[in-house]
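Scroll down for the structure; my scribbles are underneath it.
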Amino acid sequence: MELPDHSLEQLMHAAQTGDRKAYGRLLHEISPLIRSFLRRRLGPRADNEDVLQDVLLAIHKASHTYNTNRPFKAWMFAIADYKVKDYLRQHYRKVRGRQVDFAEIENFLIDPVTFEPTAAELLNDALSLLPDKQQKIVRLMKIEGYTATEVAQQMDMSESAVKVSAHRAYKVLKKSHKKEAL
Amino acid sequence: MSTEQFLSHLEQQGAAKPLPHPLLVAVRWVVLLLLYMLLVLAITTIRPDIDNKLTEVWFVAELAIMLATSCAAIFSASYLALPDCGQKPWLRFAPLLSITIMLVALAFFMMQPGAMTLSECLRAGEYDCIVHLIVFSIVPVLLLFAALSKSAPVLNGWAGAMIGLAAGSMGYTILRLTEASDDAIILAVWHMLPVAVITGCCVLIGRSILGRWSHTTA
C-alpha cells in the first residue's frame, strides 16, 4: 500500500531524533521514487543504480538541512535533481574528452578503412603463398584456362604430376582462405 | 555494493540532527559580523570628522543601506545553504533592492554640478581603500564560507555571490567609518567597485568549493 506523503516527513523527523529503523524505512520508501525519477531524467541506463546510490548518499549527507516544517519530497527531489545535473556534467565532460579532431581521425583508427584490396590483389596475395612451380600451374589452369595435358606439355611434366601439384596448391589456398575468414 | 547493502550501511549511520531555522542562522551570522565590525572599529582609527558626519542624513542613510545589504545577503545565503531553496526563488534577490538604491544614489550624486570627475578620481589613486576593503572583508568571507560549506547548497554560484556581497558591504561600511573620503565617484570607483570584484571572486570560489557537501553524519 502506498503511504501518504506526510508519512515521509514523519519518518524523517523520527530519523533525525535517532530512530535508525525509521531512517531505514524512509530510505527504502524513497528509493523507488528516486529510481523512477532517474529513469525519467536519464532513460534506461546501466549505471542508473550507481546514480541512485549517489543521490541516496547526498540525501544522507544533507539530512541535517531538512527541517520537518518543509515538504520532504521537494527537498528530496531538489537533491536528486542536483545530483543528476552533476552526473550529466561529468558524463558530458568525459564524452568531450574522448572527442577527436576530424583532421586527425585517421591516427585514431586501428585499421585503414579507406583501403580495400581488389579481387586481383587478393588472388595475387594468395598465390604468393605457393612455390613458383605450383603458382605457374594454378595460373595456367585456373586463370588462363589451359587443360592439365596442355600444362604438362608446356612445363615438360607428366599429366598426373601436374594434377597432383595442382591439387596440393588448391589445398594450401583453401587452408589460407579458412584462416583469413576466422 | 548492491543498493540493498548500501541502504543498510546508511541506516546504520543514521540521520543527522536538523540545523536551526535559516532565519535563526542568519540572525546569528548578522550578530557575529556586527561584533566583528565593532572589534575592527575598536582597533582601527575612526575618521576624525565622525561626529559631524553622523549628523548628515545621507551619510547615515548610506551606512544603513549598506548594512541592510549585508544583512539581506546574509539572510539570502542562509536560505541558499538549503538544497530546496528553489521553493522561495525570490530570496536570492533579497539584497537587490538596497544595493540598487545605493547605486542610484551614487549615480545621482556623481551627476551633481561641481562633483569630482572620473579622471580626477583616477588621479587620486586611492589604492589603500581597495586594500583596506579586502582586509576588512576577508574574515567575514572565510567565516561565511566555512559555515555554508557545512550545509548543502545547490546554487553554489549564487551562494558565493551572497557571501561576497555580505562581506563586501560590511567592509564598505567599516571603510566609510574609518576613511575620510566622501566624493560619490570615489565611493563608486574605490569602494563600490572592489565590493563588486569581491562578489565576483566569491561566485567563482562558491562554484568550486560549495558543491562538495563535505558534512558527514556520525
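Letters A, B, ... are given to chains in the order of the sequence lines, protein chains preceding strands, and every chain is numbered from 1.
Looking at heavy atoms from C-beta onward, B:Leu19 lies out of side-chain contact with A:Asn67 at the 4.5 angstrom threshold. Looking only at side-chain heavy atoms (C-beta outward), A:Arg70 and B:Leu82 come within less than 4.5 Å of each other.
When heavy atoms are compared at a cutoff of 4.5 Å, A:Ser31 approaches chain B solely by way of its side chain, counted from C-beta outward. At a 4.5 Å heavy-atom cutoff, A:Ala22 makes no contact with chain B through either its backbone or its side chain. When heavy atoms are compared at a cutoff of 4.5 Å, A:Ile59 does not approach chain B at all. Only the backbone of B:Ser2 comes within contact range of chain A, with heavy atoms under 4.5 Å apart. Contact annotation for A:Leu27: both backbone and side-chain heavy atoms come within less than 4.5 Å of a heavy atom of chain B.
In this structure, CG on B:Leu10 lies 5.5 Å from OH on A:Tyr23, to the nearest 0.5 angstrom. Atoms CD and NE2, on B:Glu11 and A:His60 in that order, are 11.5 Å from each other to the nearest 0.5 Å.
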For residues 195-210 of chain B, tabulate all N or O donor-acceptor pairs below 3.5 Å that involve a side-chain atom, not counting sequence neighbours.
| residue | atom | partner | partner atom | Å |
| --- | --- | --- | --- | --- |
| B:Thr199 | OG1 | B:Val195 | O | 2.7 |
| B:Ser208 | OG | B:Leu204 | O | 3.3 |
| B:Ser208 | OG | B:Ile205 | O | 3.0 |

Check: residues 123-135 of chain A side-chain donor-acceptor pairs under 3.5 Å, at least two apart:
| residue | atom | partner | partner atom | Å |
| --- | --- | --- | --- | --- |
| A:Ser128 | OG | A:Asp125 | O | 2.5 |
| A:Gln135 | NE2 | A:Leu127 | O | 3.1 |
| A:Gln135 | NE2 | A:Leu130 | O | 3.1 |

Which atom pairs, one a donor and one an acceptor, fall under 3.5 Å between side chains of residues 64-79 of chain B and the rest of the protein, sequence neighbours left out?
| residue | atom | partner | partner atom | Å |
| --- | --- | --- | --- | --- |
| B:Thr69 | OG1 | B:Ile65 | O | 2.8 |
| B:Thr69 | OG1 | B:Ser98 | OG | 2.9 |
| B:Ser70 | OG | B:Ala166 | O | 2.8 |
| B:Ser76 | OG | B:Leu91 | O | 2.7 |
| B:Ser78 | OG | B:Pro22 | O | 3.2 |
| B:Ser78 | OG | B:Phe75 | O | 2.7 |

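Heavy-atom neighbours of chain A within the stretch residues 153-163 of chain B, taken at a separation under 4.5 angstrom, comprise B:Pro153, B:Val154, B:Asn156.
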